[in-house]
Amino acid sequence: MTNAGTGPVFPGIAGRLALVTGGSRGIGRTIALSLGAAGARVYLTSRTLEAAESVAEEIRAEGGEAHGLALDLSQPEAAAETCQQLAKSTRDDGGISLLVLNAGMTRDGLIMRMGLPAWREVLDANLTGAFVVTKSLVPAMIRGRFGRIVALSSIVARIGNAGQANYCASKAGLHGLVRALARELASRSITVNAVAPGFIETDMTRELPEATRQRLLEQVPLGRLGTQEDVAGAVLFLLSDLATYITGEVVDVNGGMAM
Ligand code: NAP
């Protein structure tokens, strides 16, 4: 991705090794494609290798470099092993320096009906998963004295949402993780931030009944749902050299729905 005559739109991304968890669909896919277009060497994950490889193939078809990986974050021990293998196999190239913790899932239910398995699965995938991936990949960033970590949170971490106690808690937990790591890793020039999308056009929001969609839109001052590109733009900005002095921040991308 370049700006005619003025160099890359997002400087500092080309040539770096990037990992996008949950890059097979939705926002993660758009982030992975944008990173590929910006010249990053992209690793992207899905729970199935085929789904990850199909997006990697799209990047390669545009002349980029990309690799698909199978990773299920609801199994944190196995996920840690996969990420440690990735750290090992990329060690000679300096390791992953751009990390996007995008994978996320929901298992909604009102508290009276939400069982411990639904609570645990969402906390494991969204929060513990982010911890194990980061823990495996951060040693290379520390060695290289450079890193950019961006976690995908959500507006509901701040404003809450009925029926999503597990999801809201997992995303609010990411804010704490991001701020702790930002302090811990700053001396090695590693920045750690979150992007908190509002309601974005994805498969999930496309399925909403028209009346619910209208009610939501009335709460968004900019008068539309966000696009996946709106979110990817904020993520690439935080990964780039335009954002070297931003760390420990949660950037809202919600059309003004919460401010
Ligand atoms: P999505 O379309 O549902 O895609 C989720 C991605 O995460 C997929 O690539 C999926 O891979 C992966 N994933 C799901 N469960 C996983 C698990 N247990 N282990 C590993 N990977 C898993 O999601 P999205 O709407 O693009 O959202 C992306 C991120 O933004 C999420 O963290 C979400 O919470 C956050 N967000 C989204 C919205 C929105 O309006 N869409 C709003 C706020 C925040 P598979 O191929 O294996 O399914």
Side-chain angles (χ1 to χ4, degrees), residues 19-34 42-56 58 68-83 86 99-108 117-118 120-133 150-161 164 166-175 177-178 194-208 212-213 216-217 219-220 224-232 234-235 250-255 257-258:
L19 174 69
V20 182
T21 64
S24 57
R25 300 186 268 122
I27 294 168
R29 173 176 168 273
T30 301
I31 293 169
L33 293 174
S34 306
V42 184
Y43 289 80
L44 64 103
T45 77
S46 158
R47 282 167 293 185
T48 59
L49 184 59
E50 295 71 22
E53 257 306 312
S54 128
V55 177
E58 284 186 70
L69 281 178
L71 185 73
D72 184 350
L73 293 172
S74 62
Q75 309 292 329
E77 284 85 2
E81 251 175 61
T82 305
C83 291
L86 176 65
L99 173 58
V100 184
L101 302 163
N102 166 81
M105 64 177 296
T106 53
R107 253 184 91 176
D108 297 352
R120 282 205 176 116
E121 189 182 2
V122 170
L123 266 289
D124 276 352
N126 296 3
L127 182 58
T128 310
F131 165 73
V132 300
V133 173
V150 179
L152 269 290
S153 169
S154 169
I155 186 173
V156 300
R158 195 143 68 85
I159 67 173
N161 202 15
Q164 290 197 313
N166 50 2
Y167 182 76
C168 295
S170 72
K171 295 300 190 182
L174 280 178
H175 294 184
L177 178 68
V178 155
V195 167
F199 285 86
I200 307 300
E201 293 278 7
T202 58
D203 294 346
M204 190 180 78
T205 45
R206 267 189 285 272
E207 280 165 18
L208 290 174
T212 314
R213 207 183 155 85
L216 269 175
L217 282 178
Q219 296 170 51
V220 182
R224 63 171 176 87
L225 296 191
T227 64
Q228 295 174 24
E229 287 73 17
D230 288 329
V231 181
V235 172
V250 178
V251 176
D252 288 324
V253 180
N254 62 32
M257 192 174 178

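Order of listing sets the numbers, starting from 1, for every ligand and every atom in it. Note that the coordinates shown come from a computational prediction; the quantities given were computed from them, not determined experimentally. Computed over heavy atoms, backbone and side chain alike; hydrogens, waters and symmetry mates excluded.
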What do the steps show when you test Val235 against Leu152 for side-chain contact (heavy atoms from CB on, under 4.5 Å), and what is the final call? CA-CA 9 Å; Val235 172; Leu152 269 290; 4.2 Å; yes

Going by heavy atoms in the side chains, are His175 and Ser153 under 4.5 Å from each other? yes

Just let me know how Leu71 lines up against ligand 1, side chain, backbone, both or neither, with a heavy-atom cut-off below 4.0 Å. backbone

Using only atom types and a distance under 3.5 Å, with no angle test, would you say the side chain of Asn254 pairs donor to acceptor with the backbone of Pro197? no

Filtering Arg47, Glu50, Arg29 for the heavy atom nearest atom 15 (N) of ligand 1 leaves Arg47

Separation between CG (Leu217) and CE (Met257), nearest 0.5 Å, reads 9.0 Å

Restricting to heavy atoms, the pick from Val122, Thr202, Leu73 nearest atom 19 (N) of ligand 1 would be Leu73

Counting heavy atoms only, which of Ser24, Gly104, Pro197, Gly22 comes nearest to atom 46 (O) of ligand 1? Ser24

Considering the heavy atoms of Ile200, write down every atom of ligand 1 situated less than 4.0 Å from one of them. 39 (C), 40 (O)

Could you tell me whether Thr48 and ligand 1 have an N or O pair separated by under 3.5 Å? no

Side-chain donor-acceptor contacts of residues 120-133 below 3.5 Å, not counting sequence neighbours, with atom names and distances?
{"unit_1": "Glu121", "atom_1": "OE1", "unit_2": "Arg107", "atom_2": "NH1", "d": "2.6"}
{"unit_1": "Asn126", "atom_1": "OD1", "unit_2": "Met105", "atom_2": "N", "d": "3.0"}
{"unit_1": "Asn126", "atom_1": "ND2", "unit_2": "Met105", "atom_2": "O", "d": "3.1"}
{"unit_1": "Asn126", "atom_1": "ND2", "unit_2": "Ser170", "atom_2": "OG", "d": "3.2"}

Atoms of ligand 1, numbered as shown, that sit under 4.0 Å from any heavy atom of Met105: 15 (N), 18 (N)

Residue part near ligand 1, for Ser153, under 4.0 Å between non-hydrogen atoms: backbone

Donor-acceptor check, side chain of Glu229 to backbone of Thr30, threshold 3.5 angstrom: yes or no? no

Show me, pair by pair, the donor-acceptor contacts under 3.5 angstrom made by side chains of residues 44-53, not counting sequence neighbours?
{"unit_1": "Thr45", "atom_1": "OG1", "unit_2": "Gly22", "atom_2": "N", "d": "3.0"}
{"unit_1": "Ser46", "atom_1": "OG", "unit_2": "Thr48", "atom_2": "N", "d": "3.0"}
{"unit_1": "Ser46", "atom_1": "OG", "unit_2": "Thr48", "atom_2": "O", "d": "3.1"}
{"unit_1": "Glu53", "atom_1": "OE1", "unit_2": "Arg60", "atom_2": "NH2", "d": "2.7"}
{"unit_1": "Glu53", "atom_1": "OE2", "unit_2": "Gly68", "atom_2": "N", "d": "3.1"}

Numbered in order shown, the ligand 1 atoms found under 4.0 Å of a heavy atom of Gly198 are 40 (O), 42 (C), 43 (C)

Taking 4.0 angstrom as the limit and counting only heavy atoms of Tyr167, give me the atoms of ligand 1 inside it, by number and element. 33 (C), 34 (O), 35 (C), 36 (N), 44 (C)

Geometric N/O contact Ser154 with ligand 1, under 3.5 angstrom: no

At under 4.0 Å between heavy atoms, is it the side chain or the backbone of Ala125 that contacts ligand 1, or both, or neither? side chain

Charged N to carboxylate O below 4.0 Å: is that the case for Arg29 and Glu58? yes

Working to the nearest 0.5 angstrom, can you tell me the gap between Ser34 OG and Ile27 CD1? 11.5 Å

Considering the heavy atoms of Gly26, write down every atom of ligand 1 situated less than 4.0 Å from one of them. 2 (O), 26 (O)

If every non-hydrogen atom of Ala258 is compared with every non-hydrogen atom of Ile155, which pair is closest and at what distance? CB-CD1, 3.9 Å

Residue portion contacting ligand 1 (non-hydrogen atoms closer than 4.0 Å) for Lys171: side chain

Ligand-side contact atoms (ligand 1) for residue partner Ala103, heavy atom cut-off under 4.0 Å: 7 (O), 21 (N), 22 (C), 32 (O)

